2 protein chains.
Amino acid sequence: MKNKNSVIRLSRYKNALRRLKTMGFARIFSDNLADAIGVTPSQVRKDFSIFGISGNKRGGYQIDELIEHLNNILGKNTIKHAIIVGAGNIGAALAKYDGFEKDGIKIDAVFEADPLKVSSQAVIPVLHADQMIEFIQTNDIRIGIIAVPESSAQQVLDLMVLSGVKGVLNFAPIRLRAPKECVVNNVNLVLELENVIYFSNLLEKEAQEAEINI
Amino acid sequence: MKNKNSVIRLSRYKNALRRLKTMGFARIFSDNLADAIGVTPSQVRKDFSIFGISGNKRGGYQIDELIEHLNNILGKNTIKHAIIVGAGNIGAALAKYDGFEKDGIKIDAVFEADPLKVSSQAVIPVLHADQMIEFIQTNDIRIGIIAVPESSAQQVLDLMVLSGVKGVLNFAPIRLRAPKECVVNNVNLVLELENVIYFSNLLEKEAQEAEINI
DNA sequence: ATGTTTTTGTGAAAAAAATAACAAAACCCC
DNA sequence: GGGGTTTTGTTATTTTTTTCACAAAAACAT
């Protein structure tokens with residue numbers, strides 16, 4: 001898929017812009033934004049160019065307009081309801097996490113197979129897994145978050161797809177197979193940490209070698 | 001940085017291999033592995049080639065050997081201790097998450113500014129933030145996980161770096177500035193979900209347009 | 001007004017990543 | 001042991017992503 005990275009960066013720009021706005025900026029230049037998210041100014045302008053966002057020569061970009069534009073592209077004004085499946089460590093934390101709401105994403109319910117964890121009166125209700133399909137269908141849910149163990153992740157995904165879910169964020173450390181009409185995005189926490197370990201080890205090794213060569 | 005993606009895939013291969021091994025495989029071919037993590041067989045062989053991993057023509061790869069090799073490259077046998085800063089939703093969930101231990105990563109302690117959340121006798125002790133620097137130094141910690149709010153993330157990172165941390169996994173939705181001797185990897189949960197939303201919307205839009213053109 | 005500066009927008013160039021292609025090795029079968 | 005088959009390893013090709021570079025527009029100064 002083309003421009004995949006650009007889309008991710010658009011979200012980052014939006015984030016940074018919100019921050020910059022509260023700091024009192026009304027206008028912004030490509031190099032401010034670049035600095036804020038750690039890319040080159042060219043990259044910022046190229047990304048905007050791809051999505052038809054334009055500013056003013058010498059005047060930069062009007063922050064409000066820019067945020068509005070980004071929200072349109074990123075679908076702020078479309079589907080925003082999601083469910084979480086799995087009320088373990090990760091699932092429960094995500095349900096309580098306030099970052100989603102800030103961005104207009106509403107977690108409507110959590111589903112869990114263990115009856116002891118069910119509590120339908122909670123702020124975000126934890127319902128039994130058996131109710132998931134019906135819930136998705138009656139509430140027209142399109143986005144699902146999978147936070148169940150590796151062993152049941154594929155099964156959960158299959159049920160979600162069957163019920164009409166079109167996009168999934170998967171925390172189980174396994175590749176899931178989905179039909180092409182459903183997007184799956186993976187977050188693998190162990191992998192992310194291992195990656196940090198790998199590159200920090202590499203850095204240390206390089207530093208040591210550099211020392212020897214003095 | 002070159003080959004950044006290859007390293008990430010190596011972790012994925014390792015993951016898949018463990019699974020394949022429990023399924024009874026002793027040997028594996030590039031196309032099995034490719035299928036398991038969702039890339040092309042060429043990609044698998046290319047990745048291995050880059051890191052000097054070789055198999056047997058027609059015989060594929062010996063799983064045990066391959067895992068061993070990957071572990072070496074990914075530093076399974078070096079630094080593996082880490083701390084978490086922030087005992088909020090995310091921090092607490094990560095501390096309890098058993099995925100790290102399975103991969104030989106040990107979370108030694110959690111640090112938290114709120115005295116009410118401190119509990120030094122827990123399985124993974126939750127200590128007061130003031131003790132962080134000393135802990136890092138006396139235990140020679142190199143890896144830190146930041147799970148504090150956006151507003152204090154940079155401050156935490158600075159302290160970590162000062163104390164000797166060389167690699168950081170950051171969950172705060174903000175770009176952190178670190179000196180070049182410290183690697184920072186970001187996980188932005190909202191962004192990941194927004195990305196799913198964007199691409200699933202795109203898919204739905206495409207599907208609708210395709211319908212019109214029939 | 002005119003020149004100077006700043007900053008965008010984009011097409012061209014470079015770099016990086018992914019894919020394809022295929023020779024060479026290893027195995028199998030007869 | 002020769003011919004056919006499978007699978008690696010690597011080089012070549014293609015695609016994608018990022019960076020560069022600069023003309024054109026806007027703002028400012030004088």
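The structure displayed is predicted, hence computed values, not measured ones. Note: hydrogens, waters and symmetry copies are ignored here, and every other heavy atom, side chains too, is used. In the text below, chain A, chain B and the rest are named by the order of the sequence lines, each starting its count at 1.
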Got a sec, which residues hit side chain to side chain contact (heavy atoms under 4.5 Å, CB included) with A/Ile37, two or more places apart in sequence or on another chain?
A/Arg9, A/Arg12, A/Tyr13, A/Ala16, A/Val39
Mind checking what makes side chain to side chain contact (heavy atoms under 4.5 Å, CB included) contact with B/Lys14, not counting sequence neighbours?
A/Glu194, B/Leu70, B/Asn71, B/Leu74, B/Asp103
Using a cut-off of 4.0 Å between protein heavy atoms and nucleotide atoms, how would you tag nucleotides 25-30 of chain C 5' to 3' with B, S and -?
BBB---
I'd like to check the ring pair (Phe, Tyr, Trp, His ring centres under 6.0 Å) partners of A/Tyr97; sequence neighbours left out, ordered by chain and number.
A/Phe100
Just how far, in rounded Å, is P of D/dT6 from CG of B/Asn32?
15 Å
Taking only residues two or more places apart in sequence or in another chain, which ones pass side chain to side chain donor-acceptor pair (under 3.5 Å) with B/Asp108?
B/His81
Scan B/Tyr61 against the nucleic acid and name what it touches under 4.0 Å (heavy atoms): base, sugar-phosphate only, or nothing.
sugar-phosphate
Atom-to-atom span, CG of A/Leu66 to P of C/dT8 - whole angstrom:
11 Å
Specify the closest pair of heavy atoms between A/Ala129 and A/Phe111, including all atoms of both residues, with the distance to one decimal.
CA-CB, 4.2 Å
Contacts of B/Tyr61 meeting side chain to side chain donor-acceptor pair (under 3.5 Å) (sequence neighbours excluded), chain-then-number -> none
Residue pairs meeting side-chain hydrogen bond (donor to acceptor under 3.5 Å, both in side chains), one or both in residues 23-37 of chain A, sequence neighbours left out, come to A/Ser30-A/Arg45
Any residue meeting side chain to side chain donor-acceptor pair (under 3.5 Å) with B/Asn89, in chain and number order, not counting sequence neighbours:
none
What's the CZ-C1' distance between B/Phe29 and D/dT8, to the nearest Å?
11 Å
Where protein sits on nucleotides 14-22 of chain D, one letter per nucleotide: B base, S sugar-phosphate only, - none, heavy atoms under 4.0 Å
---SSBBB-
Dot-bracket for DNA chain C: what is it, with Watson-Crick or G-U pairs under 3.5 Å, [ ] where a pair crosses earlier ones, and | for a pair to another strand?
||||||||||||||||||||||||||||||
Which pairs pass salt bridge (charged side-chain N to carboxylate O under 4.0 Å, His left out) with one or both residues in residues 150-171 of chain A, sequence neighbours excluded?
A/Glu150-B/Arg19
Would you say a side-chain N or O of A/Ser30 is under 4.0 Å from OP1 or OP2 of C/dT7?
no
Under the rule for side chain to side chain contact (heavy atoms under 4.5 Å, CB included), what residues qualify as partners of B/Lys21, not counting sequence neighbours?
B/Ile63, B/Asp64, B/Ile67
Roughly how many Å is it from CD1 in A/Ile53 to P in C/dT7, rounded to a whole number?
19 Å
